[in-house]
Every structure is written in C-alpha cells, then in structure tokens.
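These numbers come from a predicted model, not from an experiment.
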Amino acid sequence: MLSSIADLPLGEGVTHVAVTSPADIAATELREGMTVFWHGDRPIGHVLMHQGRRSGSRIDHVDAEFLQAIGDELQRQAKPTVTASVVICTRDRPEELTACLASLPRQSFRPREIIVVDNASRDPRTRDVALAAGAVYVREDRPGLDIARNTGVLHASSDIVAFTDDDVMLHPHWLERLVAAFDQPQIAAVTGLVLPAELATEAQRHFETYWGFGKGYRERDFDSSCFKSHRRDAFPAWDVGAGASMAFRRDVFEKIGLFDERLDVGQAGCSGDSEYWYRLLASGYTCRYAPSSVAFHSHRRTMEGLASQIYYYMRGHIAALLVQYERTALRENQVRAYLYLPTWYSYRLLRRAIGHKRIDDRFLKEEIAGCVSGFRFYHGKGKRK
C-alpha cells in the first residue's frame with residue numbers, strides 16, 4: 001500500500017502500485033481486480049482484470065511526456081488561499097459516515113468547516129457521529145439528496161463549497177487539489193477522480209467495469225466552446241465527473257440558483273450533479289476535471305443493490321434531460337430522451353432476441369424500466385407548472 005493512503009481502510013480487490021517510468025508499468029504483475037498505478041502521490045492509470053483477462057484499461061497514454069506533464073501540473077498548483085467548506089449529505093449510514101469523517105483530519109488543506117446534513121435519519125446515530133467528529137450537524141427532514149445539498153450550501157460560509165458522499169474515503173490531498181484547481185476566475189466547478197475503495201464482489205467489479213465514476217487521468221476543462229460543439233446531440237455532462245467528489249464557487253449558487261430538488265436520490269433518483277454542471281456550462285462557465293484530487297468510493301456489494309442503483313440512474317438521467325430542456329430550450333436534450341435512447345434500447349433488445357447476449361446487458365431490464373419511470377416521474381410530478 002502506498003504510504004499516502006496506508007491509513008485508509010481500503011478493501012480487497014484493488015492494488016495500488018508506485019511507478020517511476022512506463023517500463024515499471026509493463027513489468028508489473030497484474031492481479032485479479034484493479035491495479036492502479038501511481039506516480040508519486042498522483043494516480044496515472046489502471047488495469048482491470050477479471051478471471052485472468054483484461055476487462056478495462058486506462059494506461060495507453062502513459063509515456064515519459066505524460067509523466068513530465070504530471071510533474072508540471074503538481075508544481076504549478078499553489079497552496080489554496082481561499083477558504084473551503086466540506087458538505088456531506090447522509091441518511092442512516094453512521095458506520096460509513098464515521099469512516100468518511102475520519103479521513104478529513106488528515107487533509108493537507110483543512111476545511112474551515114465540515115457540515116453534515118442529516119437527511120431524515122431514523123435514529124440519533126448520525127447526529128452522534130457528526131458531533132463526535134467536530135462537524136456542524138444540520139437536520140433536513142425533507143427527503144432528497146439535492147434538497148440536502150442545498151441545505152448544506154445555505155449553511156456554508158466559505159469561498160468554495162466541496163461535496164463528498166458518506167460512502168467515500170478521501171486521499172490526504174483531496175481537498176487541497178480540488179480547491180487549488182480553481183486557478184482561473186471562469187472555473188465555477190471542479191470534480192476529482194473517484195476510484196473504487198474495494199472490488200471484493202461481482203457486483204462491485206461489474207459496476208466499476210461498466211458504470212464506474214472514474215473519468216480518466218488527464219486534467220480536462222469543459223468550457224462554453226466545448227458545450228456549444230454538441231449542438232447536434234445532448235452535451236454529456238456526466239463526463240465532467242462524479243458527485244462523490246465535486247466543489248463549486250459559493251457565489252455561483254447566488255447567480256444561477258441551487259441544485260434542482262426534483263433530481264437525485266430521494267426524488268428522480270440521479271443526475272442532480274450533472275444537471276448543475278450542464279447549467280453552469282450553458283451559462284458560460286467552465287467546469288474542470290482534476291484527477292490529482294482523489295477519493296475512494298465503496299460501490300454496492302450485492303447484485304440486488306446494483307440493480308436498484310442502475311434503475312434509478314436511468315430514471316434520473318431521463319428526468320435530468322427533460323429538466324435541462326425545460327431550463328435551456330436546447331432540443332438535443334429531447335432528442336436524446338425521446339429518440340436516441342429508445343432507439344438504442346430497441347437495438348439492444350433485438351440483439352438479445354437473436355441470441356447475442358452480452359455481459360453489459362446484464363441489467364438491461366432495469367435500464368429500460370428506469371427510463372420509463374423517468375418519463376413518468378417528470379410528466380407526473382416533476383414538470384414545472
């Protein structure tokens with residue numbers, strides 16, 4: 001285990017290897033699960049192995065030039081001069097929350113405040129865990145992740161508001177590098193790299209292979225020109241990052257509003273984060289993906305839990321597309337919801353019907369049911385009157 005993450009209670013199935021050159025990667029004996037390669041304390045690539053075969057890889061770009069660029073990237077990052085609040089929204093998961101909170105005192109850049117928003121937990125354990133960790137405890141009785149996020153924003157007092165989830169553990173440089181990435185005034189949001197905390201079960205391995213949160217190992221800016229280049233199809237705001245590791249300038253909430261409370265867990269089911277990034281880009285702001293900021297997410301351990309998660313992912317995705325059209329009148333959102341996705345799922349059903357079964361269709365039923373539910377949700381109670 002690398003020294004920088006040795007204190008984190010990471011599980012089995014993920015091996016972390018330090019390398020100094022591309023040759024070190026080639027010489028590494030790959031194990032079952034995921035092997036993550038690190039250059040210093042910055043991840044630079046990974047390989048997924050399943051039953052002795054590669055099932056995923058993000059190392060093709062690793063060469064001497066890339067490693068030099070990584071060094072330059074870390075050198076130009078100045079120590080943050082702004083303040084940051086960390087918001088964690090949670091419900092009835094005190095054990096996970098305890099592990100998440102335990103990774104915050106180790107941060108190289110300390111937050112001004114840690115705000116735990118208790119989204120209607122059924123017993124006092126969440127409150128007890130938050131107060132024992134010295135966090136600001138806020139109770140929000142209305143169910144919904146975006147409702148809880150907005151409550152956190154309204155209680156935050158810092159220049160930057162960072163969000164993570166209760167089932168996440170944080171690299172010691174997570175907050176410092178997330179905040180340092182706001183090095184230009186037009187950058188309104190920054191997301192970080194989210195790696196799996198463990199890949200101990202088949203469900204976790206399936207999720208990481210086909211639905212994982214990681215968006216690669218190169219820093220990337222999404223700006224207005226990038227957004228406008230997608231006029232023939234809906235801009236893939238989900239590529240900006242993951243809600244488990246994201247931060248915003250606090251003043252953007254005053255300028256373009258709060259999270260849409262119809263979306264995400266407890267309401268539509270997902271995509272409250274990507275809808276907000278979409279809204280920022282449509283308003284002319286820039287969003288940055290900064291993989292030097294690392295968090296570790298605990299994926300669902302059971303197939304039943306994963307099936308439910310995928311159902312709500314697609315339900316929330318459809319609802320978010322329709323909300324995005326409602327806010328911007330950009331028709332490509334409607335085209336994706338009403339034309340592209342139905343066509344895509346019809347093709348996959350036909351492919352299965354003629355006997356071409358694929359592992360990535362394992363939850364096809366849940367995907368389609370989630371899409372149908374997303375239309376029903378939006379047109380039933382989600383559409384603004």
Side-chain angles (χ1 to χ4, degrees), residues 85-98 100-101 114-131 135-156 161-168 238 242-246 248 253 257-277 279 297-300 302 304-324 326-327 366 369-385:
S85 301
V86 174
V87 175
I88 306 169
C89 302
T90 184
R91 183 183 186 187
D92 287 325
R93 296 206 288 195
E95 292 82 10
E96 291 88 341
L97 178 63
T98 298
C100 178
L101 289 169
I114 302 166
I115 302 170
V116 172
V117 181
D118 183 352
N119 198 198
S121 292
R122 291 167 290 185
D123 61 51
R125 290 180 298 164
T126 297
R127 178 179 181 274
D128 294 344
V129 167
L131 295 179
V136 177
Y137 173 82
V138 181
R139 174 84 179 186
E140 173 53 75
D141 287 322
R142 296 173 298 154
L145 177 54
D146 281 341
I147 295 172
R149 284 172 174 162
N150 288 341
T151 298
V153 169
L154 296 174
H155 281 80
V161 183
F163 292 87
T164 191
D165 293 343
D166 56 11
D167 54 0
V168 167
W238 52 89
S245 177
M246 61 180 180
F248 302 87
F253 294 107
L258 297 168
F259 290 98
D260 195 304
E261 296 183 349
R262 295 169 290 177
L263 300 175
D264 244 307
V265 179
Q267 296 294 321
C270 191
S271 298
D273 42 23
S274 62
E275 185 278 325
Y276 203 85
W277 301 325
R279 207 188 319 167
H297 179 263
S298 297
H299 301 339
R300 305 286 180 91
T302 68
E304 294 79 11
L306 179 55
S308 175
Q309 183 179 12
I310 290 173
Y311 168 86
Y312 281 107
Y313 271 13
M314 296 313 302
R315 171 178 150 115
H317 180 59
I318 291 293
L321 288 170
L322 300 179
V323 166
Q324 287 166 191
E326 174 190 292
R327 287 183 176 277
E366 287 79 9
C371 288
V372 172
S373 181
F375 286 117
R376 289 176 176 169
F377 173 86
Y378 179 79
H379 291 292
K381 65 176 182 177
K383 188 174 183 180
R384 284 182 174 170
K385 308 301 182 183

Non-hydrogen atoms of [X] and [Y] that approach each other most closely:
X: Ala130; Y: Tyr137; result: CB-CD1, 4.0 Å
X: Phe377; Y: Ala319; result: CD2-CB, 4.2 Å
X: Val161; Y: Ala156; result: CG2-CB, 3.8 Å
X: Ile88; Y: Cys100; result: CD1-SG, 3.8 Å
X: Cys371; Y: Met314; result: SG-CE, 3.7 Å
X: Gly152; Y: Ile115; result: O-CD1, 4.0 Å

To the nearest 0.5 Å, tell me how far [X] [atom1] sits from [Y] [atom2].
X: Phe248; Y: Trp277; atom1: CZ; atom2: CH2; value: 6.5 Å
X: Asp165; Y: His297; atom1: CG; atom2: NE2; value: 6.0 Å
X: Leu145; Y: Phe259; atom1: CG; atom2: CZ; value: 8.5 Å
X: Asp166; Y: Leu101; atom1: CG; atom2: CG; value: 9.5 Å
X: Glu275; Y: Cys270; atom1: CD; atom2: SG; value: 12.0 Å
X: Leu306; Y: Tyr313; atom1: CG; atom2: OH; value: 9.0 Å

When you measure from the side chain of [X] to the backbone of [Y], do you find a donor-acceptor pair of N or O atoms at a distance under 3.5 Å?
X: Thr164; Y: Ala244; result: yes
X: Ser308; Y: Glu304; result: no
X: Asp92; Y: Ser121; result: no
X: Asn119; Y: Arg142; result: yes
X: Arg315; Y: Ala268; result: yes

Would you mind checking if [Y] and [X] are paired as a salt bridge, meaning a charged N to carboxylate O distance below 4.0 Å?
X: Asp260; Y: Arg279; value: no
X: Asp167; Y: Arg93; value: yes
X: Asp128; Y: Arg125; value: no

Is the shortest side-chain heavy-atom distance between [X] and [Y] below 4.5 Å?
X: Tyr276; Y: Met246; result: no
X: Leu321; Y: Gln324; result: yes
X: Arg262; Y: Glu326; result: yes
X: Arg149; Y: Val153; result: no

Residues Leu154, Phe253; criterion side-chain contact (heavy atoms from CB on, under 4.5 Å); working and verdict: CA-CA 9 Å; Leu154 296 174; Phe253 294 107; over 6 Å; no
Glu261 and Asn150 side chains, donor-acceptor separation under 3.5 Å: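 Yes, because at least one side-chain N or O of Asn150 sits under 3.5 Å from a partner of the opposite role on Glu261.
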